[in-house]
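Reminder, nothing fancy here: chain letters follow the sequence lines and each chain counts from 1.
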Number of protein chains: 2
Amino acid sequence: MDIREASDVKFAALADRTRRAILARLAMGEATVAELNKPFQISQPAISKHLRVLEEAGLIESVKLGQSRPRRLRPQALTELTDWLNGLQKLWSDSFDRLETFLASETPSPKKED
Amino acid sequence: MDIREASDVKFAALADRTRRAILARLAMGEATVAELNKPFQISQPAISKHLRVLEEAGLIESVKLGQSRPRRLRPQALTELTDWLNGLQKLWSDSFDRLETFLASETPSPKKED
DNA sequence: CTCCTACATATCCATCTGGTTATATAACCT
DNA sequence: AGGTTATATAACCAGATGGATATGTAGGAG
């Protein structure tokens, strides 16, 4: 049983360089397993494994289409991640602002720089 | 020797739930190891390990301050990651726009306005 | 100096991960 | 049906990862 929640799985999926390359490729349009395998030296099963990870993270999706099963990006899935990072940045810059405000009000030296 | 580049290490650092929690805590202000350890049930050495990972990823920094060594966020380090994600989203939405344009121009509509 | 505190480092262990090759399945093509 | 193509699954392996406990080190308090 895996109790990790959505963002765990998504961030973990992004942690691998090959998978990020696959995502970048898919951002330019859907592609089959064979096409995705081309640029890499690793075996086809290895790619299939990566695709499974990405799909279970909800980052990509696939449809059976005849003999092949092309993958495509699920861009909505990215927002959770960017939101987290943006939230972190905002949290920090806010607290930094507070710090600056604090320092400005507390600093005994009325002048600085130069 | 580790040939992984910056974003590999950063994304890998984010892949762990505990480390993300540490970052979230640090976003609210700097904190010592003991303070960072408090909310977790894991041992202090485990926290130190996580902090090392985060520091080597350039996500946090520390200064020796007397007996303690408080950590703080290095927010610039986040931009590389958000940039990557934003780039991916943009790439996708652009290609989606192109697809829409393509479909609009190719559709064998029985009628088209001049 | 001696003890305590805050943290780092060493060693060990179980589990996870990313890769491999071999094999299975399913669709398409004579 | 028999052969090829596209992809998935199984079994296996080496190395990375996250945790533990034990110990080291350096600064502050007595």
Side-chain angles (χ1 to χ4, degrees), chain A residues 1-26 29-57 59-73, chain B residues 1-26 29-72:
Chain A
M1 310 294 169
D2 193 349
I3 59 161
R4 294 190 306 169
E5 48 179 78
S7 49
D8 282 81
V9 183
K10 285 187 174 60
F11 273 114
L14 282 184
D16 186 86
R17 158 157 285 277
T18 302
R19 286 196 291 265
R20 288 201 306 280
I22 290 176
L23 290 178
R25 166 64 186 78
L26 288 179
E30 62 172 48
T32 67
V33 174
E35 287 165 351
L36 292 170
N37 195 12
K38 272 273 169 56
F40 302 102
Q41 289 200 299
I42 63 179
S43 63
Q44 170 263 311
I47 295 288
S48 282
K49 260 192 183 180
H50 283 308
L51 292 174
R52 195 139 121 82
V53 172
L54 289 170
E55 190 153 7
E56 285 181 346
L59 293 170
I60 65 172
E61 60 188 7
S62 63
V63 216
K64 179 103 210 202
L65 188 69
Q67 203 170 352
S68 71
R69 177 185 289 277
R71 305 310 210 277
R72 66 168 173 234
L73 209 59
Chain B
M1 310 297 169
D2 193 347
I3 59 162
R4 293 189 306 167
E5 47 179 80
S7 48
D8 282 82
V9 184
K10 285 188 175 59
F11 273 114
L14 282 184
D16 185 87
R17 158 157 286 278
T18 301
R19 286 195 291 266
R20 288 203 306 281
I22 289 176
L23 290 178
R25 167 63 186 80
L26 289 178
E30 62 172 48
T32 66
V33 175
E35 287 166 350
L36 291 171
N37 196 9
K38 274 273 171 56
F40 302 101
Q41 289 201 298
I42 64 179
S43 64
Q44 170 263 309
I47 295 289
S48 282
K49 257 194 185 178
H50 283 308
L51 292 174
R52 194 140 121 82
V53 172
L54 290 170
E55 189 153 9
E56 284 181 347
L59 293 170
I60 65 174
E61 60 189 7
S62 62
V63 216
K64 180 102 210 202
L65 188 68
Q67 203 170 352
S68 71
R69 179 185 288 278
R71 305 311 209 277
R72 67 168 172 234

J.: Applying a 4.0 Å non-hydrogen cut-off, can you work out what Ala34(B) is touching in the nucleic acid: base, sugar-phosphate, or nothing?
T.: sugar-phosphate
J.: How close or far is atom P of dT9(C) from atom CG of Leu51(B), stated in whole angstroms?
T.: 12 Å
J.: Does Ser48(B) have a side-chain nitrogen or oxygen under 4.0 Å from the phosphate oxygens OP1 or OP2 of dC7(C)?
T.: no
J.: Taking for each residue the nucleotide of DNA chain C with the nearest heavy atom, is it Leu65(A) or Ser43(A) whose nucleotide lies nearer the 5' end?
T.: Ser43(A)
J.: Say whether, by atom type as modelled, one donor and one acceptor occur between the side chain of Lys10(A) and the main chain of Ala57(A) under 3.5 angstrom.
T.: yes
J.: Ile42(A) or Thr32(B): which one's nearest nucleotide on DNA chain C is closer to the 5' end?
T.: Thr32(B)
J.: Would you say His50(A) reaches dT17(C)'s phosphate, i.e. side-chain N/O to OP1/OP2 under 4.0 Å?
T.: no
J.: Measure NZ/Lys38(B) against C1'/dC7(C) and give the value in whole Å, please.
T.: 15 Å
J.: Ignoring hydrogens and angles, tell me if any N or O in the side chain of Arg19(A) forms a donor-acceptor pair with the backbone of Leu14(A) under 3.5 Å.
T.: no
J.: In whole angstroms, how far is the C1' atom of dA6(C) from the NZ atom of Lys49(B)?
T.: 19 Å
J.: How far apart are the closest heavy atoms of Ala15(A) and Ala15(B), and which atoms are they?
T.: CB-CB, 4.0 Å
J.: CD of Glu56(B) versus P of dA8(C): gap in Å, rounded?
T.: 12 Å
J.: Are His50(B) and Ile42(B) close enough that some pair of their side-chain heavy atoms sits under 4.5 Å apart?
T.: yes
J.: By nearest heavy atom, map Arg52(A) and Gln67(A) onto DNA chain D; which one lands nearer the 5' end?
T.: Gln67(A)
J.: Expressed in angstrom and rounded to an integer, what is the separation of Lys64(B) atom NZ from dC7(C) atom P?
T.: 9 Å
J.: Of all heavy-atom pairs between Val33(A) and Arg71(A), which one has the smallest distance, and what is that distance?
T.: CG2-NH1, 3.4 Å
J.: Give a yes or no on whether the backbone of Ser7(B) and the side-chain of Arg17(A) come within a donor-acceptor separation of less than 3.5 Å.
T.: no
J.: Arg17(B) near the nucleic acid: base, sugar-phosphate alone, or nothing, with a heavy-atom cut-off under 4.0 Å?
T.: nothing
J.: In whole angstrom, give the distance that lies between atom CG of Asp8(A) and atom P of dC16(C).
T.: 14 Å
J.: Sequence neighbours left out, what passes side chain to side chain donor-acceptor pair (under 3.5 Å) with Glu61(B)? Give chain and number order.
T.: Arg72(B)
J.: Just to be sure I understand the rule, does Arg19(B) reach a base, reach only the sugar-phosphate, or reach nothing, if contact means heavy atoms closer than 4.0 Å?
T.: sugar-phosphate
J.: To the nearest Å, give me how far apart CG (Asp16(A)) and P (dG18(C)) are.
T.: 5 Å
J.: Quick check for you: name the first and last nucleotides of DNA chain D, 5' to 3', having an atom under 4.0 Å from a heavy atom of chain A.
T.: dT5(D) to dT9(D)
